[in-house]
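Okay, structure first, notes after.
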There are 2 protein chains.
Amino acid sequence: MDKKHYEYFKNIVGDENIFEDKAHLIAYSYDATREHFEPDAVIFPRHEEDISAILKHCNEYKIIIVPRGAGSGFTGGALPSEGGIVLALEKHMNKILEIDMKNMVAIVQPGVINMDLQKAVEEVGLFYPPDPASQDYSTIGGNVNENAGGMRAAKYGITKDYVMAIRAVLPNGDIIKAGKRTIKDVAGYNIAGILIASEGTLAVTTEVTMKLIPKPKLTKTAMGIFPSVKQAMEAVYKTMASGITPVAMEFLDNLTIRAVEQTFNKGLPTEAGAILVTDVDGNLEDDLDFQLNKIEEVFKENGCSEFKRAKDDKEAADLWFARRNASPALSVYGSKKLNEDVTVPRAVLPELLEKFYAIADKYSINIPCFGHTGDGNVHTNVMVDGSDPEQVKIAYEAIEEVFQATIDLGGTLSGEHGIGIAKAPYMKMAFTDEEMNLFNSIKMAFDPNNILNPHKMGLK
Amino acid sequence: MDKKHYEYFKNIVGDENIFEDKAHLIAYSYDATREHFEPDAVIFPRHEEDISAILKHCNEYKIIIVPRGAGSGFTGGALPSEGGIVLALEKHMNKILEIDMKNMVAIVQPGVINMDLQKAVEEVGLFYPPDPASQDYSTIGGNVNENAGGMRAAKYGITKDYVMAIRAVLPNGDIIKAGKRTIKDVAGYNIAGILIASEGTLAVTTEVTMKLIPKPKLTKTAMGIFPSVKQAMEAVYKTMASGITPVAMEFLDNLTIRAVEQTFNKGLPTEAGAILVTDVDGNLEDDLDFQLNKIEEVFKENGCSEFKRAKDDKEAADLWFARRNASPALSVYGSKKLNEDVTVPRAVLPELLEKFYAIADKYSINIPCFGHTGDGNVHTNVMVDGSDPEQVKIAYEAIEEVFQATIDLGGTLSGEHGIGIAKAPYMKMAFTDEEMNLFNSIKMAFDPNNILNPHKMGLK
């Protein structure tokens, strides 16, 4: 970076919060995509005022800057793919500022780890439901900017359903507050609404006000084994439509079950077409039994051959074991995994999976699937031998067909991982030119010099 | 309107769907604010393609156009305050297109009446919770554009919590779809998020995809009588924080109770400081009793002198009578009512009401309050003699203090009515210049020629 700019930033944040050494540049060059791009510098802002001063300077001199939380994203949203500065928020801006029990609200800085927030609020009897698989290390700022989901989305929704207000710095350095610590607020445009899922391209989040809910007293777990994936998928949407809303309704297909069994030897039913694992919650034992009875009824009407209820936490953990360990187990099918998170309306899940297996057959590859069927979100894993360029090429062809099948069924490219750079090439499959033009106009309204995390999400 | 433009529009929609006669201009000049502004013409588009062609022409010739649902808004959002065309959506675009029971989704045109949607989905066992007081006549398009709330917001949230996707026409005529029939979707900017509550200033809504939920089987009603409004307000937030989330938690203050009693003679406790009326729902009798027991416990800990449970629908209707008839009864305090819908974090409700009564004392006027305390939303009614200009002047001074008190406590100018023209003068109390600049930039990104419902919400 130009010495003049380096000195300017150093004067703002201090010598100890700006780095250009190779170790820092490498450390902040990657995320969970395995892509990497070295930035020109890494800055650790101490507070909102630092960020405002930094962005003002970047805007004036058209210096690219990329905000970053934990760097655990699956799509490259926080990667400095065009160079510039990485603005790393996890070092100083990682405090839970307030847990307001009277209003059931938490106010946090962007670098707070999701699980730290969950634990802190559960200690006082409250509940923050969004639980992305990355919950042990991903940050709330990243969760908000990617609109992270998780297993509990079937009942409790996703990150956006818990964001009441966002403080942020605009690319020109202006500090704004969007939203309030109120359930209702219809004064002015819903700026928080557009900042959610904007992947750090519109503003730098400096504080988030999160809605909390009372923690349900009881949770129970059950598992259903199905002869075919089709019957399991029918059971999913029929359960939800029956009037029961389980906390989670997760599935593993036959390929995934076999991979987990091969890896961990847990006595799983390797001949089953699919397994569904479900949690219900509430405050009354009777209510939980009512919910599980109804689920069992719907499952059995749809071919479920065995319905197991966990009697205690240990049994519950056993029922969840296969689902929680599905992702790493899939390496039995190849060293290269293209892991997508497509989402469709629940009722077309049976059809979606049929299409995926047909794609697998066509290319003679394995596409094991598991995921959050309660909200129509399928983790689709195209597995090939990563050392064989021909196989890798086939994998990308298959992925394009996976996306097309999803879109044809009214689904989306991404239910929770975002677009970043990884899915940017597919945006034109999902959006019209008019829609892409609107995205670009909004980007320009916030960031006319295109300095903040530019060219992500297929934007200009 | 210029004959050339009239002919152009007539060719699009047909002779029978464009009017310039006085009767139409008057009929489409007003809403629930009692303000009125005659448009230059009224057009009834038949479908999205009509709207696209009309907007394209308006954009080219810089003709102002204002979309309108039922015209039941309280803040002038649908009034043609700058002239131009009223685009009236209630005549042709008023169909429920689909109720998708498998995915629990409804797809509706903007002119569908809220209550018609509620009834249609309840017939098939589903539930659309948002229930603004205008539910019998307001349209879904209007509800989305104002982000309407209602009594059930305490448990079930507001309109934005049910919007999954919006089809809309941009001011340049482009047709876009924002969102999908999926629970999760993080591809591209959250355009639906910014369209909600945009008061028809960014795009014309042509179709809305609404999330539905299973209809709870049982509802029970109770009422608590409190010696002071402060104790009642303490009971509100302590109930919510106790782990119980009632469907509704509504209040009437002493002035409101007395007005209803004077008007309807129902034997209400006219010495009470406040009444709270609450509904709980669920699928199990025991669960409802559990909730009501907890509410009774919290109420009594906070001074509740009498807790009545409705034994049947008739008794429930009796308990609700005072709340449902509060608004018209207030005319006993004067012919002019300035009705605001300020909202604060629940826990400061006791302080907020103290401030309101101090304002009333200062100006020697009555400010009866009632409303949706479960979500911090207070209907604040500044009552004066409308025939006395001095009193009306005082009323507006008092309202400004009402807003300031609300903002000082972290609240918002509007919980559900929007800004429109009525509250536009107060926007600068609530937003910084930087925030207003951002609103204007977003408006320009969607509508560079400022043709669509311009100058609302305090925008340029």
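Labels below follow one simple rule: chain letters A, B, ... track the order of the sequence lines, proteins then strands, and each chain is numbered from 1.
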Report the distance from atom [atom1] of [X] to atom [atom2] of [Y], rounding to the nearest 0.5 Å.
X	Y	atom1	atom2	result
A:Asn283	B:Ile244	CG	CD1	6.0 Å
B:Leu284	B:Leu288	CG	CG	8.5 Å
A:Ser242	A:Tyr237	OG	OH	12.5 Å
B:Phe290	B:Asn293	CZ	CG	8.5 Å
A:His372	A:Glu416	NE2	CD	4.0 Å
A:Lys215	A:Glu122	NZ	CD	4.0 Å

Quiz prompt | Backbone of A:Glu435 reached by a side-chain donor or acceptor of A:Thr432 within 3.5 Å | solution = yes
Quiz prompt | Any donor-acceptor pair under 3.5 Å from A:Ser52 side chain to A:Glu48 backbone | solution = no
What residue, out of [options], has the most heavy-atom pairs lying under 4.5 Å from chain A?
options	answer
B:Thr343, B:Asn147, B:Asp185, B:Asp174	B:Asp185
B:Val186, B:Asp433, B:Ile183	B:Val186
B:Pro216, B:Ala241, B:Pro345, B:Gly125	B:Pro345
B:Met104, B:Lys423, B:Met436	B:Met104
B:Gly149, B:Ala154, B:Gly411	B:Gly411
B:Ile158, B:Asn172, B:Leu438	B:Leu438

Sort out for me which of [options] touches chain B most, counting heavy-atom pairs under 4.5 Å.
options	value
A:Ile194, A:Asp341, A:Ile442, A:Asn103	A:Asn103
A:Met164, A:Met101, A:Met240, A:Gln291	A:Met240
A:Thr75, A:Val344, A:Ile191	A:Ile191
A:Asn377, A:Leu413, A:Val342	A:Asn377
A:Ala430, A:Ser414, A:Ala178, A:Pro448	A:Ser414

With sequence neighbours excluded, tell me which residues meet salt bridge (charged side-chain N to carboxylate O under 4.0 Å, His left out) with [X].
X	result
B:Asp281	B:Lys155
A:Glu146	none
A:Lys177	none

Quiz item: How are the rings of B:His379 and B:His417 set relative to one another: parallel (under 30°), tilted (30 to 60°) or perpendicular (over 60°)?
Solution: parallel
Quiz prompt | Side chain / backbone / both / neither for A:Phe431 at chain B, heavy atoms under 4.5 Å | solution = side chain
Practice problem: Could you tell me which portion of A:Leu212 (side chain, backbone, both or neither) has an atom closer than 4.5 angstrom to a non-hydrogen atom of chain B? | Solution: neither
Self-check item: residues 195-203 of chain A: residues contacting chain B (heavy atom under 4.5 Å, by number)
Solution: A:Ile196, A:Ala197, A:Ser198, A:Glu199, A:Thr201, A:Leu202
Could you look at [X] and say if it's the side chain, the backbone, both or neither that has a heavy atom under 4.5 Å from chain A?
X	answer
B:Leu126	neither
B:Lys443	both
B:Asp375	both
B:Tyr189	both
B:Met457	side chain
B:Ile213	neither

Practice problem: Report yes if the side chains of B:Ile176 and B:Arg167 come closer than 4.5 Å at any heavy-atom pair, otherwise no. | Solution: no
Quiz prompt | Criterion salt bridge (charged side-chain N to carboxylate O under 4.0 Å, His left out) on B:Arg181 and B:Glu98, from CA distance to verdict | solution = CA-CA 12 Å; B:Arg181 202 184 296 207; B:Glu98 186 184 349; 3.0 Å; yes
Quiz item: Strictly under 6.0 Å, is that where the ring centroids of B:Tyr162 and B:Tyr156 end up?
Solution: no
